[in-house]
Amino acid sequence: MTALRESAAFKTLEGHHKDIAAVHLRDLFADDPSRGTDLTAEACGLFFDYSKNLASRETVGLLAGLARELRMPERRDAMFRGEHINTSEDRAVLHVALRMPRSRSLVVDGVDVVRQVHEVLDRMAAFTESVRSGEWKGHTGRPIKRIINIGIGGSDLGPVMAYEALKDYSRRDIGFRFVSNVDGTDFREATLDADPAETLFIVSSKTFTTLETMTNAQTARQWLLDGLGADEAAIAKHFVAVSTNAAGVAEFGIDTDNMFGFWEWVGGRYSMDSAIGLSTMLAIGPDRFNEMLEGFHRMDEHFLETRLESNLPAIHGLLTVWYRNFFGAETHAVFPYSEYLHRFPAYLQQLTMESNGKGVTADGEPVDYGTGAIFWGEPGTNGQHSFYQLVHQGTEMIPADFIGFNHALNPLGNHQDLLVSNVFAQTEALAFGKTAGQLRDEGVEERLIPHKTFSGNRPTSTILVDRLTPGSLGTLVAFYEHSVFTQGAVWQIDSFDQWGVELGKALAQAIIPELESGRAPDPGSHDSSTTNLIRRYREANGRR
Ligand code: F6P
C-alpha cells in the first residue's frame, strides 16, 4: 500500500467522510449560523469562501493533518530552497524565484538565481520600452504595430491568458496575436492583416525544439522575407527569442543578443512570469508587469508562511484532494465571472493536468488512489446557458470555483451587479437546491416536481477579488500554482515532470515521413487501424 493510504490521517478521514457525506449542506448551515463567515480565509486581496463545501472546520483540520503526515510543508520548504524536488528530471522547481524582489538573494547550485532573474527582467524592460516608444524600428525603418508570440503549451497559454486578462491595461495601438497550433490556419489568421514591415515575432520555446513552434517560426521567417523582399539581415529586426537553448536560437538564425533567457528550473506551465511573459510586458509595460510579479510574490509568501488551516492555496488543494479521493469526484470546474478571464480555464488545464495527471508516485510506485482531477470551465454567465444544467441536476458531483470581482473594469450601467448577482445565486442554488416540498408550496404540478427539484448539496468555493489588475492576476495564478503543489505533495507524485506528452510526439515523428514520402509505408509498421488511416490520408492527397 502507498504512503497515502497507509497514513493514519487518511484512515481517520475515511471515517470522517462517512459522517460528512450523510449531512446536507442545508443542515451544515442550519446547525452553524456563523459557518458562512467562519469557513473563509483572506489573504493578498483574495477572499476565499469555502463554506459551501461538503466539509467542516474539522475536515480542514484533518486534511491539514494528512498534509503534515505526508510532509507537504517540508516539501514546500524544499521547493523554496531550490532543492531538486523534480526528481524524475533531477531539477529544482523555482518559479517562486521569478517574482522575488531585487533585494533578495537565493543561491542555488552555486548561483544567485534572483540576480539572474532581475538581469533578464531589466533587459526585457529596456527592449519593451524601445518597442513601445517606437525607437525599435523594423527593417524598413517603421515602428512595430503587430506582435506575434509563437509558442505552444506553457509558452503560449500563459502569455495568451495574461494578454486577454490584462487587455484593459494594454497598448491598443499595437496588435497582439498568439500562434500555437501547427495547423497552418493559426499562422495565416494571425498574419492575414499584418504588415511584415511592422511585425515583430517572439519565438517562445523553452527547449527551442518543439515541432509546432519550430514549424511556425520557419513559416514566419519565410513570410517575413517574402513580404519584405529582403535578405536575412531583416531577421534581426523582426525576430526575438525566449528560450533556455541559446545554441538552438543561434542555429535558427536569431541573434542571441535578441534572446531573453530563462532556466531549466522554470517549468513551461510555470513560466508566464519569466521571459516567456515578454508579450505580456510589451502589452502592459514594465511597471504593470512588475505589479503582476508583486502579486505572485505576495501569494508565495502567504503560502510559505501561513499555517495550513488558514493557508488559501493549501485549503483549496486539500479540498480538491478531499473530493477526488473521498467523494470520487473526477472533475473540478472553474468559472471566472469576468470576460477578460476567458482563457483562464484553458491556462489552468495545463497547470493542473500536466502537473498532476500522474499514475505513479515520485518513487515510481503505481498509485492506488485517484490523482489529478479533470479541470475545465468557461466564464460566467455564459456557461449558465450551456452546461450548468448538468452541474445543477446531473448525476456527477462537480466541485466548482466561482471567481468574482467587486469592481468592473468596464462599469456600464448595472452590468456588474447583474454579473455578480449570478455568482452568488449560482453557488446558493448549488448548495441549497430546491425541495419537492418547496415546489408543492408554490403549487407546482405534481408530474413536474421531479424535474424541477434541485438536490443541492453541490460543493462550490467562491473567490472574491476587488478588481482584476496585474497584481490580482498574479496572486490568483500563484494561488492555483500552490494549490496544485499541495495536491501533488499529498499524492506523493512529481508535479513538475510531463513524461506523458512524449509518446505521442515520438510516434508523430515516425508518421510524418510515412504521410509525405512517395512510397507507401510498410503495412507491418502499425496496427491495422493506424495503417488504414495513413492509407486513406495518402490516397486523399494523391499519394498511393
Ligand atoms: O508538450 C508539452 C510541453 O513540453 C509543455 O510542457 C511545454 O509547456 C510545451 O510543450 C512547450 O515546450 P517548449 O516551451 O519547450 O516549446
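Counting convention: from 1, in listed order, for ligands and their atoms alike. As the structure is a computational prediction, the values presented were derived from the model and not from experiment.
- Atoms of ligand 1 lying under 4.0 Å from any heavy atom of Ile152, numbered from 1 in the order shown and given with element: 9 (C), 11 (C).
- You'll find the ring centres of Tyr270 and Trp265 outside the 6.0 Å limit.
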Could you walk me through whether His332 and Tyr323 pass the ring pair (Phe, Tyr, Trp, His ring centres under 6.0 Å) check? CA-CA 9 Å; His332 186 109; Tyr323 292 120; 7.7 Å; no
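- Of all atoms in ligand 1, numbered sequentially from 1 with element shown, those under 4.0 Å from a heavy atom of Gly154 are 7 (C), 8 (O).
- Applying the 4.0 Å criterion to heavy atoms of Gln498 picks out, from ligand 1, the atoms 6 (O).
- Using a cutoff of 4.0 Å between basic side-chain nitrogens and carboxylate oxygens, Arg99 and Glu481 are scored as salt-bridged.
- Side chain to side chain, Thr185 and Asp183 meet the donor-acceptor criterion of an N or O pair below 3.5 Å.
- Per-residue contacts place Lys505 under 4.0 angstrom from the following atoms of ligand 1 (heavy atoms of the residue considered): 1 (O), 4 (O).
- Under the 4.0 Å criterion applied to side-chain N and carboxylate O atoms, Arg115 and Glu119 are assigned as salt-bridge partners.
- At a 3.5 angstrom cut-off on N or O pairs, Ser205 counts as close to ligand 1.
- Ligand 1 is never approached by Glu212 to a heavy-atom distance shorter than 4.0 Å.
- Remark: ligand 1 and Glu354 share an N or O pair separated by less than 3.5 Å (distance only, no angle test).
- Asp527 and Thr530 are linked by a side-chain donor-acceptor pair at a separation below 3.5 angstrom, with hydrogens and angles left out of the test.
- Using modelled atom types, one finds no donor on one side chain facing an acceptor on the other under 3.5 Å when comparing Thr371 with Asn356.
- Taking every non-hydrogen atom of Thr210 and a distance limit under 4.0 Å, the qualifying atoms of ligand 1 come out as 12 (O), 13 (P), 15 (O), 16 (O).
- Within the 4.0 Å heavy-atom criterion, the part of Val501 lying near ligand 1 is the side chain and not the backbone.
- Scanning the protein for heavy atoms near atom 15 (O) of ligand 1, the closest one is Thr207 OG1, 2.6 Å.
- For Thr213, no nitrogen or oxygen atom sits less than 3.5 Å from a nitrogen or oxygen atom of ligand 1, counting backbone and side chain alike.
- In this structure, Tyr163 has its ring center closer than 6.0 angstrom to the ring center of Phe178.
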